[in-house]
Every structure is written in C-alpha cells, then in structure tokens.
Amino acid sequence: MKLSRGYYLDEDVVAIARDLIGKTLVTNFEEGITAGIITETEAYAGIHDRASHAWGGRRTKRTEVMFGEGGIAYVYLCYGIHSLFNIVTGLENIPNAVLIRGINAIRGIEIMRNRFAGNLPLNGRINGPGRVSRALAINTGHNGTNLTGNNIWLENNANPQIQLKVTSHCRIGIDYAGEDAFLPYRFLLNG
DNA sequence: CTGTAGATCGTCT
DNA sequence: GACGATCTACAGA
C-alpha cells in the first residue's frame, strides 16, 4: 500500500527516519518500475541541526523545498556528480528531511543493473545515497516531486519484524557539524 | 585489504 | 573561487 500524505506530516523527523527502515521505495519512469526495501536512512532535523543545509534558517533557492510541507522529494547535487534523494517531512516552514542511504533491490533488478552498466552487485544490496538515486533513476530534476504521485512513492508492505532489527548510529560525512555530528540520527537494518 | 586521488558542477561566500 | 549529506579506480602492502 502506498504511504499517504498524512504519513509524512509527523513532526518527529527522527522517528520517521527510523520507521522508514523496511519500507519500499518505488520509482516508475520510462524504463519501468524499479523498487527496493529501505535499509539505511539519516534524519536532518530543522534549523538547529548543524548538519542540515537549512541550519540556522538558511532559506535559499536550493533549500526552499525543505521548508515545504512533508511528502515531497528534496534532491540535490553532491560533489558535482551524485544526486542525493531526501524525503521532506513535517510541517510547512520547518525544514525536516530524511536522506535515503541504502536499499535492497526487489523489483526491476535488470533495469537497475543496466543503469550501472552491469556493475550492480548480484545480491541487490545498494548502499550509498549516490548509488540509490542512480539505481532508481532519480536526479535533480525530481526536486520537489510529490511522493504520493505516480513517479516516486513509498509503500508500507514491509515485514513488521524488521523494526526489531533497526540500530542507530552517528551520521556520515558531516564532520563540519561539530557536536551535532554525534547525534544518533542514522538508522540501519541488521546493524 | 587499506589508503588516496580525481571526477565535476551547482550553490553559497 | 572554494567546497560538498560521494563514488570509483588504482596503487601499494
């Protein structure tokens, strides 16, 4: 079942980041449907989170979508190469978002393999936010896409037992965030 | 297996 | 004009 708009309106972005583990992320573009079970996430929590692009209330053309109401995609270019896919959550004017860092491919695996020129790991484990976007063909053009539409959406068909296997950790690649780099806002399946 | 350099461009200073 | 919520290839041990 597709997650509804209401799911994304929860004000606790950290709780959502944890809850998203085990959910299915789906895209449907020209080549067909591709999907994977989310195995790794990170929460970015509002203007007081130094690791967030919206830290200190920085509201620019790039971060504008983060200030929107929950249920839309925030996609931005990293290191000039990688499109990183985030899910905006919570209320309007409060910039909360969840970065998707890893999935297990479960549908359209051959399509994904082609997107990696045949280099997709055979076991279907896709870790790293850049590779997740590449596998699902998400790019910066999808910034602001509604996640209850027909191109990108999430499904709640996961095994509830998965929630018992979620572990929390420090976030990655944000050494500039000072104390906030140690917040346990990163969630993993199976440790 | 570990470490590191290079890629590459939009965004912000 | 510098740098980043990264990935890959390749060198060396």
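Per chain, numbering begins at 1; letters A, B, ... match sequence-line order.
At dT11(B), none of the side-chain N or O atoms of Arg58(A) fall inside 4.0 Å of OP1 or OP2 (strictly under the cut-off).
Here Arg171(A) lies out of heavy-atom contact (under 4.0 Å) with every strand. Using a 4.0 Å heavy-atom cutoff across all strands shown, Leu99(A) reaches at least one base atom of the nucleic acid.
Computed from coordinates, the Lys61(A) NZ to dT11(B) P distance equals 8 Å when rounded to whole Å. Put simply, CG on Asn143(A) is 15 Å from P on dA5(C), counting in whole angstrom units. In this structure, Ile126(A) atom CD1 and dT6(C) atom P are separated by 17 Å, rounded to whole Å. Regarding Leu84(A), its CG atom lies at a distance of 7 Å from the C1' atom of dT6(C), rounded to whole Å. Put simply, CZ on Arg131(A) is 9 Å from C1' on dT6(C), counting in whole angstrom units. Between the OH atom of Tyr76(A) and the P atom of dT11(B) there is a distance of 12 Å, given to the nearest Å. Here the C1' atom of nucleotide dT8(C) and the CG atom of Asn127(A) are 13 Å apart, to the nearest Å. Distance Ile100(A) CD1 to dT6(C) P: 14 Å, rounded to the nearest Å.
In the hydrophobic clustering of this structure, Ile38(A) groups with Val75(A); members are Ile, Leu, Val, Met, Phe, Trp, Tyr whose side-chain heavy atoms approach within less than 4.5 Å, directly or through other members.
Ring centers of His142(A) and Phe29(A): under 6.0 Å apart, within the cut-off.
Residues Glu64(A) and Lys61(A) are not paired through a salt bridge, judged by the lack of any N-O separation under 4.0 Å between the basic side chain and the carboxylate.
Nucleotide dT11(B) is matched to dA2(C) when pairs are restricted to Watson-Crick or G-U wobble geometry with both distances under 3.5 angstrom.
Side-chain contact annotation: Asn156(A) with Tyr7(A), donor-acceptor N/O pair under 3.5 Å absent. Using modelled atom types and a 3.5 Å distance limit, the side chains of Thr34(A) and Thr27(A) yield a donor-acceptor pair.
The closest side-chain heavy-atom distance from Thr39(A) to Ile21(A) is not below 4.5 Å. Between Tyr8(A) and Leu3(A) there is a side-chain heavy-atom pair separated by less than 4.5 Å.
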Can you pull every protein N or O that's under 3.5 Å from an N or O on nucleotides 3-10 of chain B?
unit_1: dT8(B); atom_1: O2; unit_2: Tyr79(A); atom_2: O; d: 2.6

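Checked against dA5(C), dT8(C), dT11(B), the side chain of Arg134(A) finds its nearest nucleotide in dT8(C).
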